[in-house]
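Here the structure comes first, spelled out in structure tokens, and everything after it is commentary.
All values below come from the heavy atoms of this structure, side chains included, with hydrogens, waters and symmetry mates left out. Positions are given from 1, in the same order as the sequence printed here.
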Amino acid sequence: MSGIRAGLGLACALALAGCGSSGGDAAGGANREAEAPTTPSGPPVTPDRVNGATITGRVAFTGTAPARKIIDMSANPPCQRANAGAPAKTEEVVVNPNGTLKNAFVWVKSGLPRENWAVPGAPASLDQRGCVYAPHVLGVMAGQTVEVLNSDPTNHDVHAQAEMNQDWNRSQPVGSGALTMSFPRQEIMVPFKCNVHPWMRAYVGVVSHPFYAVTGDDGTFTITGLPPGTYTIESWHEAYGVHDQQVTVAPRESKTVDFTYKG
Ligand SMILES: [Cu+2]
């Protein structure tokens, strides 16, 4: 891909985002972003946790939450046995008791200075436990090692359906060690499936910088160490798509950016 084409691709993606909130097809190709065409040179830069700004927020949900369905694992007895105590439920939409959404991926979409952001040395882990991926949504930096574990008494076949990065597929027998991979280019999001168990899904957000978070059981997120600036903050959700918001922060300033999805 030439630099010009990559630049046009990014401009189109930003233009789409400029349409504001949108639903549907979040997991599809429309929301994928190309990384800037060249990687900045210079020594690796880490976020300034002392003088940097902080953005916190909450990803709220209004409306009627769709019921989570029990996953039918009857075709695979080891998987079914692994969940005998509490059957696994779908995680496409998880509304927390406090009216927020779990598994929203929140990241700084634009506005950062072009730095050679340091890649964490520790791998990001994606486990397969009870024949589901855990966590369901994971953030990693471009170039960071992703390790996929098999904690189940059954074989898996891990398939990262990347588009900006290389498609990645490898089987993982019972008792085998971690599979490792890394994604060199930014991609929001890389869907993971398993070619053995059709219900298994995870989404990995690959970001070219360290400013991202995933909402958990309280639906909040915190991003720290941001340089002063004006940013577009994006929240991605598997079922409800992306919402973008602008925010400007000064050194050491803390600001709140809340998102609301309607069911
Ligand atoms: Cu599997």
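The closest side-chain heavy-atom distance from Thr260 to Thr62 is below 4.5 Å.
With hydrogens and angles ignored, the 3.5 Å screen pairs a side-chain donor or acceptor of Lys255 with a backbone N or O of Thr248. Although no hydrogens or angles enter the test, the distance criterion places a donor-acceptor pair under 3.5 Å between the side chain of Gln186 and the main chain of Ser208. Listed for the Asn165 side chain is a donor-acceptor partner under 3.5 Å among the backbone atoms of Arg185. In this structure a side-chain-to-backbone donor-acceptor pair under 3.5 Å is missing from Glu163 to Val190. Of the possible donor and acceptor atoms, one in the side chain of Asn116 sits under 3.5 Å from a partner among the backbone N and O of Gly42. Side chain of Tyr212 to main chain of Met141: a donor-acceptor pair is present (N/O by atom type, distance under 3.5 Å, no hydrogens or angles). With hydrogens and angles ignored, the 3.5 Å screen pairs a side-chain donor or acceptor of His209 with a backbone N or O of Val108. Remark: side-chain polar atoms of Asp152 are not paired, donor with acceptor, to backbone N or O of Thr154 under 3.5 angstrom.
To the nearest 0.5 angstrom, Met200 atom CE is 10.0 Å from Asp157 atom CG. The NE2 atom of His159 sits 3.5 Å away from atom CG of Asp167, with the distance rounded to the nearest 0.5 Å. With rounding to the nearest 0.5 Å, the separation of CG in Leu138 from OH in Tyr133 is 12.0 Å. Note that the NE2 atom of His156 and the CD atom of Gln172 stand 7.5 Å from one another [nearest 0.5 Å].
Ring planes of His136 and Tyr203: perpendicular class, angle over 60° (limits at 30 and 60°).
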